[in-house]
Amino acid sequence: MGPALLIFLAVIIVPISMSIYYSFFQWNGVSAKVFNGFGNFNQLFQDPILWTSLKNSVYLTLGALFIQLPVGLFLAIVLGYKLRGSNFLKTIYFTPVMLSTAVLGILWGQIYDPNFGLLNNLLIQLGLDQWAHAWLGDEATALGSVIAVVAWQFIGFYIIVYFGALQGISDEVLEAARVEGAGEWKIIFSIQIPLIWPTITFTVLNCVINSLKYFDLIYIMTGGGPNNSSEVLASYMMKNAFRMMDFGYGSTISTFLLLFGLCLALIISKVLGRTGARFE
Amino acid sequence: MSTRASLAGKGILRLFLLLQAVFVVYPLVWNVLASFKTNAEVMESPWKLPTSINWDNYIQAFSTAKIGDYMVNSVIIVLLSMAVLLFAAVPSAYVLGRMKFRGRGFISQFYMAGLFIGGVYIIVPLFIFMNDMHMLDNRFWLSAVYATGSLPFSVYLLTGFMKSIPLDYEEAAMIDGCGYFGILLRIIVPMARPGIITLIVFSFFDFWNEYVLAMTFITTDSKKTIPVGLSNLMQIQQFATDWGSLFAGLVIVLAPTILVYALLQKKLTEGMSLGGVKG
């Protein structure tokens with residue numbers, strides 16, 4: 001107990017406070033820290049790239065919420081019909097969740113490759129030549145291309161989580177509804193979804209929190225580019241802190257990210273809690 | 001459940017399931033196929049099968065790209081992290097799951113809070129702290145950071161398992177004169193084995209795949225882990241345009257995880273629902 005708590009304190013709680021503390025300084029990590037008051041925050045709110053990153057982070061989060069969760073839930077419900085091979089498919093769906101994001105980023109970089117990539121080739125074969133282009137090199141499509149890969153990797157996670165939750169609903173409830181003449185859609189929307197609402201709340205929160213701090217794929221696939229068009233808050237923070245060696249400003253961004261995430265998490269749990277209460 | 005869906009309905013549902021399966025699997029299969037292709041073949045058409053199974057790309061990946069060295073680093077770091085994690089998490093979960101004392105709720109929640117705090121929020125202070133303590137560029141300290149980072153989830157998972165062990169065993173052992181450590185090692189650990197195995201497997205994936213911290217905290221090339229080494233390889237290969245060995249490198253990183261997953265997937269998904277990832 002003792003040692004675990006101690007290192008936990010040292011490695012999680014103290015650094016968060018330190019990060020907030022550093023955000024008030026001008027500091028490159030080597031020379032002495034210069035107290036800067038709210039100077040960094042002033043700079044933050046006037047930094048156009050910050051707003052681009054914030055907007056992109058929000059897009060990334062919304063993309064995750066509105067692709068991964070509904071598709072995950074849909075496929076989990078379909079798997080619930082216990083068609084032949086369902087168990088095997090479940091295993092397949094979960095596979096990318098277990099794989100290295102760095103490696104998947106490189107792999108998808110090759111799939112999006114303008115010269116020999118799968119995607120452009122597929123489009124050309126389908127006669128959609130005009131759609132083929134450098135997906136990651138184009139400001140208009142860079143972020144969207146990454147969002148698609150995030151979805152590709154994590155839909156399986158939500159399938160498994162929702163499937164597990166749906167299994168918790170007793171068959172008798174569903175049979176009773178059927179005997180009463182309820183249609184399949186009615187069963188899904190009036191029984192299954194309300195009954196797994198706590199799980200849905202958890203997944204929404206989990207998805208938002210993870211999307212906000214998402215970084216790996218952006219860094220590997222686009223590096224935030226081209227021209228900051230796919231920069232998100234986490235990648236912009238890393239860039240400032242470790243590439244430009246501006247630890248003060250980097251910490252300011254991460255403090256901003258933390259506060260933004262906390263507010264969002266609070267709002268979401270309030271709203272979803274209220275919706276959940278309506279079901280009871 | 002034939003009552004639940006008509007035959008046509010079933011067909012459509014099956015189609016959705018299949019589409020998702022192809023969507024998930026095809027990129028990975030494509031990667032494996034490309035790893036056997038020569039450069040010319042890679043450039044030619046992404047749909048063609050390799051003309052022959054040639055292992056040159058793999059040999060190339062090990063000999064010129066030093067994939068083997070990165071792999072050794074990854075193995076060392078995974079093992080070290082796991083040792084530190086088990087040493088810290090098992091006793092913690094034992095105390096939190098089985099003993100009643102003031103502040104237990106607080107400490108449990110404290111751990112729970114850690115579930116939501118990850119990498120990017122603390123990476124700057126952590127970097128500065130490790131720099132001051134001369135812990136940077138050191139495989140052991142990177143492992144210690146990994147272990148600590150997985151502590152909240154691990155304690156949460158194990159506490160659930162430990163709570164389910166009946167108290168009678170402990171009481172009987174205590175009457176026989178067994179101390180707390182004896183109980184932990186002889187009774188709790190063997191009985192919580194499914195939980196501990198789940199934990200080991202999950203943390204294997206986490207540690208083997210971790211990228212951001214490894215990239216930031218390790219600077220010497222010879223100490224880098226395989227995902228970081230591989231992204232370096234990508235940069236080098238882009239100049240050399242040796243696509244085949246890049247694909248081979250990707251397969252070399254993916255293969256162990258896919259293998260472990262294939263062997264243990266049943267245990268894993270069970271562990272997930274037992275440990276309450278369901279929320």
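Nothing here was measured: the structure is a model prediction, and the numbers come from that model. Order of the sequence lines fixes the chain letters, A, B, ..., with proteins taken first and strands second; residue numbering starts at 1 for each chain.
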Report summary line: Checked A:Trp108, A:Phe74, A:Phe163 vs chain B; the most non-hydrogen pairs under 4.5 Å come from A:Phe74

Report summary line: With chain A, the option among B:Leu250, B:Ile258, B:Leu18 that has the most non-hydrogen atom pairs under 4.5 Å is B:Leu250

Query raised in the report: Do side-chain atoms of A:Asp216 reach the backbone of B:Val212 as a donor and acceptor pair under 3.5 angstrom?
Result: no

Query raised in the report: Does the pair B:Thr216 and A:Met238 meet the rule for a side chain to side chain contact (heavy atoms under 4.5 Å, CB included), with working shown?
Result: CA-CA 9 Å; B:Thr216 315; A:Met238 291 292 286; 3.7 Å; yes

**Report entry** Positive for side chain to side chain contact (heavy atoms under 4.5 Å, CB included) with B:Leu13, one of A:Leu75, A:Leu79, A:Leu83
**Finding:** A:Leu83

Requested in this report: First locate atom CG of B:Leu17, then atom CZ of A:Phe88, and finally report the distance between them rounded to the nearest 0.5 Å.
Outcome: 12.5 Å

Report task. Pick one of side chain, backbone, both or neither for A:Ile155, based on which atoms fall under 4.5 Å of a heavy atom in chain B. Result -> side chain

Requested in this report: Determine, step by step, whether A:Val78 and B:Arg14 satisfy the side chain to side chain contact (heavy atoms under 4.5 Å, CB included) criterion, reporting the C-alpha distance in whole Å, the side-chain angles of both residues, the deciding distance to 0.1 Å, and the verdict.
Outcome: CA-CA 8 Å; A:Val78 174; B:Arg14 219 175 260 283; over 6 Å; no

Query raised in the report: Where the side chain of B:Trp30 meets the backbone of A:Leu118, is there a donor-acceptor pair that is under 3.5 Å apart?
Result: no

Query raised in the report: Which bit of A:Phe215 is near chain B, if near means a heavy-atom gap under 4.5 Å: side chain, backbone, both or neither?
Result: side chain

Report summary line: Ranked by heavy-atom pairs below 4.5 Å to chain A, first place among B:Phe247, B:Phe204, B:Phe127 goes to B:Phe127

Report task. Check whether B:Val24 gets within reach of chain A through its side chain, its backbone, both or neither, counting any heavy atom under 4.5 Å. Result -> both

Report task. To the nearest 0.5 Å, tell me how far B:Ile122 CD1 sits from A:Ser19 OG. Result -> 9.5 Å

Query raised in the report: Under a 4.5 Å heavy-atom cutoff, which of A:Gln153, A:Gln167, A:Met237 has the most pairs with chain B?
Result: A:Met237

Report task. Look only at the side chain of B:Tyr121 and the backbone of A:Thr255, and say whether a donor-acceptor pair between them is shorter than 3.5 Å. Result -> no

Query raised in the report: Going through the checks in order, is the side chain to side chain contact (heavy atoms under 4.5 Å, CB included) test met by A:Trp27 and B:Ile128?
Result: CA-CA 11 Å; A:Trp27 190 30; B:Ile128 290 162; 3.2 Å; yes

Query raised in the report: Does atom OH of B:Tyr180 have more than 12 heavy-atom neighbours, drawn from other residues, nucleotides or ligands, at distances under 6.0 Å?
Result: no

Query raised in the report: Do other residues, nucleotides or ligands put more than 12 heavy atoms under 6.0 Å from B:Phe23 CZ?
Result: yes

**Report entry** Candidate pair A:Thr95 and B:Thr257, rule side chain to side chain contact (heavy atoms under 4.5 Å, CB included), full reasoning
**Finding:** CA-CA 9 Å; A:Thr95 310; B:Thr257 30; over 6 Å; no

Report task. Would you check if the side chain of B:Tyr261 reaches a backbone N or O of A:Thr91 as a donor-acceptor pair within less than 3.5 Å? Result -> yes

Requested in this report: Taking the side chain as every heavy atom from C-beta outward, state whether A:Ser251 and B:Val124 have any atom pair closer than 4.5 Å.
Outcome: yes

Query - Region of A:Leu89 that comes under 4.5 Å of a non-hydrogen atom in chain B - result: side chain

Report task. Evaluate the ring planes of B:Tyr211 and A:Tyr219, with Trp represented by its six-membered ring, and classify them as parallel (under 30°), tilted (30 to 60°) or perpendicular (over 60°). Result -> tilted

Requested in this report: Compare all side-chain heavy atoms of B:Leu126 with those of A:Met18 and state whether any distance is below 4.5 angstrom.
Outcome: no

